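The figures that follow rest on heavy atoms only: side chains count, while hydrogens, waters and symmetry mates do not. Values in this document were obtained by computation on a predicted structure and should not be read as measured data.
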Number of protein chains: 2
Amino acid sequence: MVPTIRDVAQRAGVSISTVSRVLNKSAVVDEAKRERVEEAAEALGYRPNPAALSLLGHSTGGIGVLLPYIAGDFFSEFLHRIDRLTSENGYFLVVSSSHRSVKEFQAVIQGLNRRVDGLIVMSTEVPAQTVCDWLPAGLPIVFVNTEVDRDGIEAVNFDNRGGAYRLTEHLLERGHRRIGFLKGPDASCDANDRLDGYRAALRDHGVEPDPALEVPGDFTMEAGEAAVPAFLALDPRPTAVFAGNDLSAYGVVSALRGAGLDVPADVAVAGFDDIPLSRFSSPTLTTVRAPVREMGEGAIERLLAQIKGGDGRDRRVVTLGTEVVVRESTAS
Amino acid sequence: MVPTIRDVAQRAGVSISTVSRVLNKSAVVDEAKRERVEEAAEALGYRPNPAALSLLGHSTGGIGVLLPYIAGDFFSEFLHRIDRLTSENGYFLVVSSSHRSVKEFQAVIQGLNRRVDGLIVMSTEVPAQTVCDWLPAGLPIVFVNTEVDRDGIEAVNFDNRGGAYRLTEHLLERGHRRIGFLKGPDASCDANDRLDGYRAALRDHGVEPDPALEVPGDFTMEAGEAAVPAFLALDPRPTAVFAGNDLSAYGVVSALRGAGLDVPADVAVAGFDDIPLSRFSSPTLTTVRAPVREMGEGAIERLLAQIKGGDGRDRRVVTLGTEVVVRESTAS
DNA sequence: CTGTTAGCGCCTTCAT
DNA sequence: ATGAAGGCGCTAACAG
């Protein structure tokens, strides 16, 4: 069996309280006994039972991370950043990223409740306020890339709208006036913010947004391929397509080529996310880059601050900037 | 405060034992009381404290996953597969993927000990036996892509050596005789198995491996770029380079181009992993595909079987096959 | 300074 | 069928 504090006490010939005091340095203990206890603990390989600690209301040592299912590098990079800072601070990560419904999402988040000291939540479909209502007040939470509809909530977001706005401006500068937009999932706030930015840029440059140019999609490559016939059927045909994310942009590129059109000569294509592929594909893809690393680090830093109870924290939404990356797929 | 079993008992006008019996269906309880208890629990939103359960020696509900730092899709796809099956079975995932040293790796793995019911460990540098020695016997573990040096250990590996062997054969068939090999980290068993496969294929086809053709690397793109001068300095210069993984293969491609050489016309390049980029890059990359999905699902299934105590389990290493994917970068 | 004791929330005998 | 009591491992008062 795993040794308990009692085993250590027995081996050192002291009471369990003395052991506790030594190991937690919570009081002064006779030098000789201290050494005996330390030796005994070392010899037995004693480690306090985390369940007992957390039952006493102490820290669980866990940090929960809830993400939607995200493929690839955003996921791994984000988690990696969090992981580093988390383990450096003696915490471990409890991760969940597969929720097929809001119901399931809620169940997972509530199941995590007393298992972690704090939560980092990326919720693209459920607003922050709702998530908070599922949990006891006082549980530290930092949201990431989530719609925040109330004050007093901490979040690290990035500027979807601004990125889409500037990417659209880039297309306008290149002379495009008929710019198709491939939408993301209806419920996704990322998708909606990007659409907003696209529309706003058009308006601000004197181009009235045309609903016919906005084709439904869901961020998958298949949706990108499926959307191309709709774009090509328009009259006049769009000279550029702004896809809601890189993955679906590749679907668009692939289907356009299938239709005998060249990218960017016949139709320019742009995406959003700057996945690694975008730098290497042929053509390389014009897109918008999100500050993944800063988001991960920012979120965990603010969460740890909340947990450590520094009450001078700023309960607010931080929005990090995004950067337009111009590449071949929108070359004039 | 979060409601305890006592709150439920009080609200239902029964003792806590009765509540426990109802909620766990551990004994027959009077119909009327049962309903009252269920109502009370529902109304209060009662959920047993996981710490208390685990203190009683019951399940913690956690499954630990230890991975080395892996960029991109292998990581996210693997974790995603595990996550799905894990949460479907009512467990949650405790993840750690950043260990800069064996010491730290050991600390993390030991820290996870009583927090989880079982462990999935991918250890590319420390053999399975050593990891087992750090933990109490009896804790369910399944290794993934890890060197196993003793019987009685469960693991899901994939055939690094065979994949490298067959990819080398492919290059030989294309007529290459001077094939450079860009190595991975010395301590990585993946890297070593791939090197083994490369050498074996050469020998089996009557080509004596030349140590000068084996250039050090560490699986990063930078290492790939840095290695190119060494390859080009050889006389005769290699006509093909087999990089230990895709990422470093791209470094090689990039630096070869920088040196004015064409891939594959002047030098063929191949990698290992089949990252998503490989299908889209220019040129598309010849590589070896690992069965990520099967590994994730296989590992978690076998771990759950261990946890559920089915003792008819087969304690052995399962090695999944790999597949050579021929693309443009090695076209004749 | 140090040992004893009372819980933390829950399940599980043990009586009733 | 049900309530009372013991104890999982540990810390934090409380007595010495």
Using whole Å, what does the distance between atom [atom2] of nucleotide [N] and atom [atom1] of [X] come to?
X        : N      : atom1 : atom2 : answer
B:Arg34  : D:dT2  : CZ    : P     : 11 Å
B:Arg36  : D:dT2  : CZ    : C1'   : 12 Å
A:Glu31  : C:dC1  : CD    : P     : 11 Å
A:Ile16  : C:dT2  : CD1   : C1'   : 12 Å
A:Arg114 : C:dC10 : CZ    : P     : 7 Å
A:Leu23  : D:dT11 : CG    : P     : 8 Å
A:Tyr46  : D:dT11 : OH    : P     : 5 Å
B:Asp7   : C:dG9  : CG    : C1'   : 11 Å

Atom pair CD1/CG of B:Ile120 and B:Leu67 - distance to nearest 0.5 Å: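 Answer rounded to 0.5 Å: 9.0 Å.
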
Sugar-phosphate, base or nothing in reach of B:Ser17, heavy atoms under 4.0 Å: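 Base, at least one base atom sits under 4.0 Å.
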
Touch class at under 4.0 angstrom, heavy-atom based, for B:Thr18 against every strand present: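 Sugar-phosphate contact only - B:Thr18 comes under 4.0 Å of backbone atoms but never of a base.
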
Test side chain to side chain donor-acceptor pair (under 3.5 Å) applied to A:Asp190 and A:Thr146, A:Asn145, A:Asn157, the passing residue: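 That would be A:Asn145; it is the only one of A:Thr146, A:Asn145, A:Asn157 passing the side chain to side chain donor-acceptor pair (under 3.5 Å) with A:Asp190.
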
As a test of reading the structure: which of [options] is closest to the side chain of [X], going by heavy atoms?
X       : options               : result
A:Lys33 : D:dC10, C:dT2, C:dG9  : C:dT2
A:Ala52 : D:dG9, C:dT4, C:dC11  : D:dG9
A:Asn49 : D:dG3, D:dG9, C:dC10  : D:dG9
A:Leu56 : C:dG3, C:dC10, D:dC10 : D:dC10
B:His58 : D:dC10, C:dC11, D:dG9 : C:dC11
A:Leu53 : D:dA1, D:dT11, C:dG3  : D:dT11

Phosphate OP1/OP2 of C:dC10 contacted by B:Ser20 side-chain N/O (<4.0 Å):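 It does not, given that no N or O in the side chain of B:Ser20 lies less than 4.0 Å from OP1 or OP2 of C:dC10.
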
C:dG9 OP1/OP2 closer than 4.0 Å to side-chain N/O of B:Thr4: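 No, B:Thr4 has no side-chain N/O under 4.0 Å of OP1/OP2 on C:dG9.
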
Non-hydrogen side-chain atoms of B:Leu304 and B:Ile63 separated by less than 4.5 Å: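 Answer yes - side chains close enough.
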
Base D:dG3 to side chain B:Arg21, donor-acceptor N/O within 3.5 Å cut-off: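 It does, because a donor-acceptor pair links the side chain of B:Arg21 to the base of D:dG3 below 3.5 Å.
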
Aromatic ring pairing B:Trp134/B:Phe105, orientation class (parallel under 30°, perpendicular over 60°, tilted between):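 The arrangement is perpendicular - the two ring planes meet at more than 60°.
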
Charged N-O contact under 4.0 Å between B:Arg36 and B:Glu39: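 Salt bridge between B:Arg36 and B:Glu39, a charged N being under 4.0 Å from a carboxylate O: no.
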
